[in-house]
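These values consider heavy atoms only, across backbone and side chains, with no hydrogens, waters or symmetry-generated copies. Note that the coordinates shown come from a computational prediction; the quantities given were computed from them, not determined experimentally.
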Amino acid sequence: MLSNNLLKILFIPFVLFSIISCSEKREQIPPLDFENKTQLLDVIKNHFNKDAQIALGGMFDETGKQFIAVGWEVNNSDEWGIKFAFLEKSGNEFKPEYETDLLDGSFKESLVDKIKFSSVDYDLVYYNSQGYFMGSGGGEVYSYIIDFENKQVYYAHLVVESENSTSLFISDNTKNKELINFFTLTFKKDHPELKIVYDDIVVE
């Protein structure tokens, strides 16, 4: 009788532990619609990064696989800016395949989407900070094209100091002429007087 009672005492905590463990198992990732940005963002927030602000599905390398490009802001006492990561769904989790360094910018008022070029066989991610860092007296615009296949961030930085002084810097690693023309023509629409500079400008 004593041994039976002892077994019951030992068995009850085991059952409770099993129930708690099962309830804490990660919720299954639902089927993904890679063209549905809203659904992807909700899933990414629940299963990868609750601070994510951008989620884009696309074929971001030459394998033809579907990946998710995710963007979030970093804002703490040590650093501030934005980051992107490219994720592959693996079982019931997301596996980061590439993550950018911290980049200047914010997702407030920005434009972020995937983009295609005729000279590139896969999707790229395009970011433009638009008017967020611009004021009545000038300002700056940050723009990136992110290439997951080559693990590269192509960078353009527009600095408006006055009506007659507008400079555009394009990063040295941007060798593709189609991308260079895209950056240049995009900014010339609003700033036809801009001048190309070969050293980035740090705005104080």
Pairs under 3.5 angstrom only: tabulate donor-acceptor contacts from the side chains of residues 39-46 to other protein residues two or more places apart or in another chain.
{"unit_1": "Q39", "atom_1": "OE1", "unit_2": "D33", "atom_2": "N", "d": "3.1"}
{"unit_1": "Q39", "atom_1": "NE2", "unit_2": "P31", "atom_2": "O", "d": "2.8"}
{"unit_1": "N46", "atom_1": "ND2", "unit_2": "D42", "atom_2": "O", "d": "3.2"}

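- Judged as a side-chain hydrogen bond (donor to acceptor under 3.5 Å, both in side chains), the pairs with a partner in residues 121-141 (not counting sequence neighbours) are, in order, Y122-D147, Y122-N150, Y126-N128, E140-Y142, E140-H157.
- Residues A69 and V125 come closest through the heavy atom pair CB-CG2, 3.7 Å.
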Practice prompt. Kindly determine whether F169 and V159 satisfy side-chain contact (heavy atoms from CB on, under 4.5 Å), including the steps that lead there.
Written response: CA-CA 8 Å; F169 170 78; V159 177; over 6 Å; no

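- Among pairs with a residue in residues 148-161, none fulfils salt bridge (Lys or Arg N to Asp or Glu O under 4.0 Å), at least two apart in sequence or across chains.
- Residue pairs meeting the side-chain hydrogen bond (donor to acceptor under 3.5 Å, both in side chains) criterion with at least one partner in residues 180-198, sequence neighbours excluded, are T166-E193.
- Residue K95 qualifies as open at atom NZ: its count of foreign heavy atoms under 6.0 Å is 12 or below.
- Annotation: side chain to side chain donor-acceptor pair (under 3.5 Å) contacts of E97 (sequence neighbours excluded): none.
- Partners of T174 according to the side chain to side chain contact (heavy atoms under 4.5 Å, CB included) rule, which considers only residues two or more places apart in sequence or in another chain, are Y154, I170, S171, L179, I180, F183.
- Between W72 and A52, the closest heavy-atom pair is CB-CA, 3.9 Å.
- Qualifying side chain to side chain donor-acceptor pair (under 3.5 Å) partners for N176, counting only residues two or more places apart in sequence or in other chains: S119.
- With sequence neighbours left out, the salt bridge (charged side-chain N to carboxylate O under 4.0 Å, His left out) criterion links K37 to D113.
- Among pairs with a residue in residues 74-87, those fulfilling salt bridge (Lys or Arg N to Asp or Glu O under 4.0 Å) read K83-E99, at least two apart in sequence or across chains.
- Among residues at least two apart or in separate chains, salt bridge (Lys or Arg N to Asp or Glu O under 4.0 Å) pairs with a member in residues 52-73 are K65-E88, E73-K108.
- F34 is linked by a ring-ring contact (aromatic ring centres under 6.0 Å, His included) to nothing, counting only residues two or more places apart in sequence or in another chain.
- With sequence neighbours excluded, the residues satisfying ring-ring contact (aromatic ring centres under 6.0 Å, His included) with F60 are F86.
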